[in-house]
Q: 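Here it is, the structure, as structure tokens.
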Number of protein chains: 2
Amino acid sequence: MSVPAGVASQRVADELRERILAGRLAPGTRIIQDELAEELNTSRLPVREALRILESRGLVTLRANSGAWVTSMDARECELSYKIRERLEPLLLTESAPRLSEEDIDAMDELQDGIEACTDVEEFLVLDRRLHWAVYRRHEAEDLAAIVNRLWDTTQHYRRAFTRLAFERRGWIIGAEHRLLIQALRDRDHTSAARVLELHIRRTRVELAKHPELFTG
Amino acid sequence: MSVPAGVASQRVADELRERILAGRLAPGTRIIQDELAEELNTSRLPVREALRILESRGLVTLRANSGAWVTSMDARECELSYKIRERLEPLLLTESAPRLSEEDIDAMDELQDGIEACTDVEEFLVLDRRLHWAVYRRHEAEDLAAIVNRLWDTTQHYRRAFTRLAFERRGWIIGAEHRLLIQALRDRDHTSAARVLELHIRRTRVELAKHPELFTG
DNA sequence: GACACCTCCATTGGATCCATTAATGCTTGC
DNA sequence: GCAAGCATTAATGGATCCAATGGAGGTGTC
């Protein structure tokens with residue numbers, strides 16, 4: 001076994017987060033402290049602390065004297081998450097955009113090339129997220145970024161389900177929005193960039209609302 | 001000794017939060033697990049979990065293998081918190097306003113009477129917060145409310161310092177804004193209500209920016 | 001005299017053990 | 001046959017003990 005780097009509770013939290021985001025632990029799944037502890041070769045204490053960490057990120061729901069479950073959302077909560085993103089991500093963009101270099105923006109176009117070339121849903125999710133965070137790369141607003149990151153985390157599972165349905169036949173819309181966003185950044189037109197981003201998130205929210213069946217689980 | 005209600009770690013977290021929000025624990029203060037545990041007649045374990053809980057609420061800052069401190073902000077972070085509030089609280093108002101009853105709105109006017117009558121800073125902070133949450137009372141958006149609540153918590157200390165400076169000579173502005181907000185809600189003009197709220201927060205942010213000396217501690 | 005390294009102590013992180021709670025299944029009575 | 005209550009069991013919450021880390025202070029060397 002490899003050398004455990006860093007604090008155990010953080011390692012456990014990272015591992016658990018990875019499993020949830022990758023879809024290997026579905027929303028609603030119960031998490032038993034003993035099982036995880038044994039599986040990760042540690043005691044239950046770091047697991048308990050890891051669950052607290054992930055609860056604060058919204059990925060896990062705790063009930064006192066009862067247990068822990070992977071957080072699940074209903075359609076209403078998910079829609080609200082998107083409304084929050086609509087308001088916060090343009091602000092985060094505003095914090096980052098003035099500091100982006102030409103190279104930063106070139107990298108975005110390359111990422112978008114990759115997105116347009118990819119056919120696998122999991123790969124799309126990774127690249128799409130990477131592109132958005134390339135836009136925010138130069139922010140100096142840790143607290144705001146943490147809130148936004150959390151929203152991406154908690155909606156990841158539903159984004160996956162939605163992407164499975166939609167990205168093949170309507171993928172060009174996302175591509176168009178991404179290219180418009182990148183171009184506005186290149187032109188240093190930060191107001192337009194913020195507007196495009198807001199529309200991009202808003203359109204996704206509206207599309208998502210057309211598929212309530214994604215939440216009947 | 002009285003019967004301990006609920007889970008110990010939550011009790012410790014509540015007590016610690018209360019101390020920080022009441023200003024009895026200043027930003028930057030170090031928190032030693034042993035001391036708190038002894039003082040609250042419990043072991044270090046609930047204290048550790050309480051620190052995790054409060055870290056997730058942004059009230060304490062943890063450093064691995066080092067310790068815990070009451071979180072402190074610089075002017076930039078505080079200003080950003082207000083910008084986030086400017087965007088999120090109107091949204092939270094929108095979620096609540098349509099469901100507010102006449103009695104709810106009457107209660108707001110009564111709260112505002114109390115605010116205009118009060119001369120003590122601590123009392124003002126309590127009543128002001130209570131009034132704002134009276135506006136949001138009928139929301140069904142727990143996640144959004146949690147984010148906003150957290151922002152109020154983390155900026156509480158700076159709001160106190162600012163209030164000490166400003167509320168006596170310019171208190172009438174806050175009163176005017178509050179009354180306008182309540183009236184818009186009474187008229188069921190939710191768009192205006194959201195705008196007034198946004199302006200109210202924005203004006204406070206701009207005022208606060210004039211007092212950088214509040215952050216040189 | 002100044003800087004670097006080493007040792008010691010205070011404090012946090014982790015493991016094991018015990019208490020407590022809550023849920024489930026069985027039994028009993030109606 | 002069904003419902004309610006009790007008992008059993010499994011999993012969480014808490015306390016104590018031990019290990020590891022990081023900072024501070026002193027000493028030795030350049």
Side-chain angles (χ1 to χ4, degrees), chain A residues 1-20 24-72 217, chain B residues 1-20 24-72 146:
Chain A
M1 196 177 130
S2 65
V3 180
V7 185
S9 41
Q10 193 61 51
R11 264 178 31 241
V12 175
D14 290 343
E15 171 65 22
L16 200 52
R17 172 173 181 267
E18 209 281 318
R19 289 187 190 185
I20 295 171
R24 284 183 287 155
L25 251 60
T29 307
R30 171 137 191 215
I31 300 167
I32 278 112
Q33 298 183 1
D34 269 326
E35 288 180 8
L36 241 189
E38 188 177 4
E39 195 181 336
L40 299 180
N41 274 76
T42 177
S43 87
R44 256 181 50 220
L45 203 144
V47 173
R48 281 161 71 174
E49 303 205 328
L51 290 175
R52 277 258 141 72
I53 291 173
L54 292 183
E55 185 201 24
S56 77
R57 303 200 55 160
L59 284 174
V60 164
T61 303
L62 298 180
R63 262 174 46 197
N65 282 315
S66 182
W69 289 263
V70 179
T71 303
S72 60
Chain B
M1 193 178 128
S2 66
V3 180
V7 185
S9 42
Q10 194 59 53
R11 266 181 26 244
V12 175
D14 289 344
E15 170 65 23
L16 200 52
R17 172 172 181 267
E18 209 280 317
R19 290 186 189 186
I20 295 171
R24 285 182 288 155
L25 250 60
T29 308
R30 170 136 191 214
I31 300 167
I32 277 111
Q33 298 182 2
D34 267 325
E35 288 179 8
L36 240 189
E38 189 177 3
E39 194 182 336
L40 300 180
N41 274 75
T42 176
S43 85
R44 256 181 50 222
L45 202 143
V47 173
R48 282 161 71 173
E49 303 204 327
L51 290 175
R52 277 258 138 73
I53 292 172
L54 292 182
E55 185 200 24
S56 77
R57 302 199 55 160
L59 284 175
V60 307
T61 303
L62 299 180
R63 263 174 46 197
N65 282 315
S66 181
W69 290 263
V70 179
T71 303
S72 60

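These numbers were taken from a predicted model, which means no experiment stands behind them. Protein chains get the first letters and strands the later ones, always in sequence-line order, with residue 1 at the start of each.
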Q: For the CZ atom of R30(A) and the CD atom of E35(A), what is their distance to the nearest 0.5 Å?
A: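 Taking CZ in R30(A) and CD in E35(A), the distance rounds to 9.5 Å.
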
Q: Taking atom P of dA10(D) as reference, at what distance in whole Å does atom CD1 of I32(A) sit?
A: 12 Å

Q: Could you go through the side chain to side chain contact (heavy atoms under 4.5 Å, CB included) check for L16(B) and L36(B) one step at a time?
A: CA-CA 9 Å; L16(B) 200 52; L36(B) 240 189; 3.8 Å; yes

Q: Please list, for nucleotides 15-23 of chain D, all pairs of protein and nucleotide N/O atoms separated by less than 3.5 Å.
A:
from: dA15(D); atom 1: OP2; to: T42(B); atom 2: OG1; distance (Å): 3.1
from: dA15(D); atom 1: OP2; to: S43(B); atom 2: N; distance (Å): 3.1
from: dA15(D); atom 1: OP2; to: S43(B); atom 2: OG; distance (Å): 2.8

Q: Would you mind reading off the distance between Q10(B) atom CD and dT12(D) atom C1', rounded to a whole angstrom?
A: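 Computing the Q10(B):CD to dT12(D):C1' distance gives 15 Å.
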
Q: Specify the separation, in whole Å, of atom CG of D34(B) and atom P of dC9(C).
A: 17 Å

Q: From I20(A) CD1 over to L54(A) CG, what is the distance, rounded to the nearest 0.5 angstrom?
A: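 The distance works out to 5.5 Å.
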
Q: Quick one: do E18(B) and D14(B) satisfy side chain to side chain contact (heavy atoms under 4.5 Å, CB included)? Show the steps, please.
A: CA-CA 6 Å; E18(B) 209 280 317; D14(B) 289 344; over 6 Å; no

Q: Side-chain N or O of R11(B) less than 4.0 angstrom from OP1 or OP2 on dG14(D)?
A: no

Q: For W69(A) and dA23(C), what is the distance between atoms CH2 and C1' respectively, to the nearest whole Å?
A: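 Going from CH2 in W69(A) over to C1' in dA23(C) covers 10 Å.
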
Q: Only counting residues at least two apart or in another chain, list the ones meeting side-chain contact (heavy atoms from CB on, under 4.5 Å) with I53(B).
A: R52(A), Q10(B), A13(B)

Q: Does dG13(C) have OP1 or OP2 under 4.0 Å away from a side-chain N or O of Q33(B)?
A: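 Q33(B) to dG13(C) OP1/OP2: side-chain N or O found under 4.0 Å.
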
Q: Expressed in angstrom and rounded to an integer, what is the separation of E35(A) atom CD from dA11(D) atom P?
A: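 The distance from CD of E35(A) to P of dA11(D) comes to 7 Å, rounded to the nearest Å.
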
Q: Tell me every residue that passes side-chain contact (heavy atoms from CB on, under 4.5 Å) with T42(B), counting only those two or more places apart in sequence or in another chain.
A: V12(B), L40(B), P46(B), V47(B)

Q: Output the rounded distance in Å from CD (E49(A)) to P (dT12(D)).
A: 15 Å

Q: When the C1' atoms of the five terminal pairs at each end define the local axes, what inter-axis angle does the helix from dG1(C)-dC30(D) to dC30(C)-dG1(D) show, to 10 degrees?
A: 10°

Q: Does I31(B) reach a base, just sugar-phosphate, or nothing at all? Heavy atoms under 4.0 Å.
A: sugar-phosphate

Q: Under the salt bridge (Lys or Arg N to Asp or Glu O under 4.0 Å) rule, collect the residues that match up with E39(A), sequence neighbours excluded.
A: R19(A)

Q: According to salt bridge (Lys or Arg N to Asp or Glu O under 4.0 Å), does anything in residues 54-66 of chain A pair up with another residue at least two apart or in another chain? List the pairs.
A: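 Matches after skipping sequence neighbours: R57(A)-D153(A).
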
Q: Specify the separation, in whole Å, of atom CZ of R52(B) and atom P of dG13(D).
A: 15 Å

Q: Supply the atom-to-atom distance W69(B) CH2 to T29(B) OG1, rounded to the nearest 0.5 angstrom.
A: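 Answer for the CH2-OG1 pair, W69(B) versus T29(B), is 11.5 Å.
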
